[in-house]
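One structure is given here, and the rest of the page talks about it.
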Amino acid sequence: MTTLTPPSAHAVVNISCYKFVSLDDLPGWQVRLAAQCEALQLKGTILLAPEGINLFLAGPRQAIDAVMTTLRADVRLADLCPKESLSETQPFKRMKVKIKREIITLHRPQIRPEAARAPAVTPERLKAWLDSGCDDDGRPVVLLDTRNAFERDLGSFADCVDFRIGKFSDFAPAVERHAADFAGRTVVTFCTGGIRCEKAALLMRDCGIERVYQLEGGILKYFEQVGGAHYQGGCFVFDARKVLGSDLLPSDGTIAPPQPLRHR
């Protein structure tokens, strides 16, 4: 196969996307996707689980388009819509296709985003809420960072609430302990690309928190749609770029001051 060489600087295409959908024949998917990505000289990680798919890939445009065509050929994945950014170099060292129990680990099997999805707020609407200091009905808005503490410390929305967790599976017990602190508020959960909030928002509703939204597309989609308004620092990504600025390019990694756990 002819090597696909990026034609210019910032021509390595980085994509991330996920979908909660029932998948079967996971070993078959693993073999086929690993072979195609290897042939296309792509690098990154694809996670497969009975609950869905989560992927991070980087490579030339033609190769990225080819693997997305393969995935979308399955009717269950036809609406996959990846978030994109560009880099000058390949941010991943190898290609991995893994089978997991969950594509994002929460340890709460009753939370099934495929069956029911919490309401989402678009980046544009969230910015409008933050500009005005309240939601459309005049209620105060609480932003809840569902990411790990070290991610939050590299950048986050100003004045957000942060549980200081070490891994996402720590989020559920933290919410269950503090659910009453969010009474009477409109809560918007957010994470890097949205996948953690698919489960986090549903969990919070199960805990009796009535008005919970998830930020559609996460921080990266927010950067893409409205820039860095109300956001301080960068966004950590799990590849060699480490931190992206609001322009979706690698930043200098300026660290935002750590914030204590707060509940309003």
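Excluded from the calculations below are hydrogen atoms, water molecules and symmetry mates; all remaining heavy atoms, backbone and side chain alike, are included.
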Measuring only between side-chain heavy atoms, which start at C-beta, is [X] closer than 4.5 Å to [Y]?
| X | Y | result |
| --- | --- | --- |
| V161 | D181 | no |
| L71 | W29 | yes |
| F20 | I195 | yes |
| V13 | L86 | yes |
| L144 | M204 | yes |
| L55 | S16 | no |

How far apart are the closest heavy atoms of [X] and [Y], and which atoms are they?
| X | Y | value |
| --- | --- | --- |
| L42 | A58 | CD2-O, 3.5 Å |
| S132 | C134 | OG-O, 3.0 Å |
| A229 | F157 | O-CE2, 4.2 Å |
| G227 | S246 | C-CB, 4.0 Å |
| A172 | L106 | CB-CD1, 4.0 Å |
| G52 | I103 | O-CG2, 3.3 Å |

Polar side-chain atom of [X] near backbone of [Y] as donor-acceptor pair, under 3.5 Å:
| X | Y | result |
| --- | --- | --- |
| Q232 | A158 | no |
| R72 | L80 | yes |
| D24 | S22 | no |
| K19 | R76 | yes |

- request: Carefully, step by step, assess R32 and D25 under the rule salt bridge (Lys or Arg N to Asp or Glu O under 4.0 Å).
  value: CA-CA 11 Å; R32 292 191 298 273; D25 188 26; 3.7 Å; yes

- prompt: If we ignore angles and hydrogens, is there a donor and acceptor under 3.5 Å between the side chains of R241 and S85?
  reply: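 Per modelled atom types, R241 and S85 side chains form a pair under 3.5 Å.
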
- request: Before giving the answer on side chain to side chain contact (heavy atoms under 4.5 Å, CB included), spell out for E84 and E224 the whole-Å C-alpha distance, their side-chain angles and the decisive distance to 0.1 Å.
  value: CA-CA 9 Å; E84 293 191 2; E224 178 185 330; over 6 Å; no

Are [Y] and [X] co-members of a hydrophobic cluster defined by side-chain heavy atoms under 4.5 Å apart?
| X | Y | answer |
| --- | --- | --- |
| L33 | I99 | yes |
| L40 | I64 | yes |
| V226 | F223 | yes |
| V12 | F92 | no |

field: E176 CD: over 12 foreign heavy atoms closer than 6.0 Å
entry: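 More than 12 heavy atoms, drawn from other residues, nucleotides or ligands, come within 6.0 Å of this atom.
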
- request: For the pair L57 and M95, evaluate side chain to side chain contact (heavy atoms under 4.5 Å, CB included) and give the outcome as yes or no after the intermediate values.
  value: CA-CA 8 Å; L57 294 174; M95 184 67 228; 3.4 Å; yes

Interatomic distance, [X] atom [atom1] to [Y] atom [atom2] [nearest 0.5 angstrom]:
| X | Y | atom1 | atom2 | answer |
| --- | --- | --- | --- | --- |
| L248 | S87 | CG | OG | 11.5 Å |
| L244 | S251 | CG | OG | 7.0 Å |
| I15 | K83 | CD1 | NZ | 10.5 Å |
| Q36 | T70 | CD | OG1 | 3.5 Å |
| C197 | L202 | SG | CG | 10.5 Å |

query: Tell me, which pairs form a side chain to side chain donor-acceptor pair (under 3.5 Å) where one or both residues lie in residues 139-150, sequence neighbours left out?
result: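 Non-adjacent pairs meeting side chain to side chain donor-acceptor pair (under 3.5 Å): D135-R139, D137-R139, R139-T186, D145-R147, D145-S156, N148-E151.
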
- request: Sorted by first residue and then second, give each side chain to side chain donor-acceptor pair (under 3.5 Å) pair with at least one member in residues 45-55; sequence neighbours left out.
  value: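 Residue pairs with at least one partner in residues 45-55: E51-K199.
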
query: By salt bridge (Lys or Arg N to Asp or Glu O under 4.0 Å), which residues pair with R117, not counting sequence neighbours?
result: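 Listed in chain order: E198, E216.
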
task: On the 0 to 90° scale, with breaks at 30° and 60°, tag the F163-H178 ring pair as parallel, tilted or perpendicular.
output: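 Because their plane-to-plane angle is under 30°, the rings of F163 and H178 count as parallel.
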
task: For the pair F171 and F168, name the ring-plane relationship: parallel under 30°, tilted 30 to 60°, perpendicular over 60°.
output: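 The arrangement is parallel - the two ring planes meet at less than 30°.
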
Name every donor-acceptor pair, under 3.5 Å, that has one atom in a side chain of residues 120-130 and the other anywhere in the protein, sequence neighbours excluded.
residue: T122; atom: OG1; partner: R125; partner atom: N; Å: 3.1
residue: R125; atom: NE; partner: D136; partner atom: OD2; Å: 3.1
residue: R125; atom: NH2; partner: D136; partner atom: OD2; Å: 2.8
residue: K127; atom: NZ; partner: D131; partner atom: OD2; Å: 2.9
residue: W129; atom: NE1; partner: D136; partner atom: OD1; Å: 2.9

- request: Output all residues satisfying side-chain contact (heavy atoms from CB on, under 4.5 Å) with A201, sequence neighbours left out; order by chain, then residue number.
  value: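 With neighbours one apart ignored, the set is A118, T189, V212, Q214.
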
task: List for me each residue that meets side-chain contact (heavy atoms from CB on, under 4.5 Å) alongside A179, sequence neighbours excluded, and say none if there are none.
output: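 Partners of A179 by the side-chain contact (heavy atoms from CB on, under 4.5 Å) criterion, ordered by chain and then number, come out as C207, I209.
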
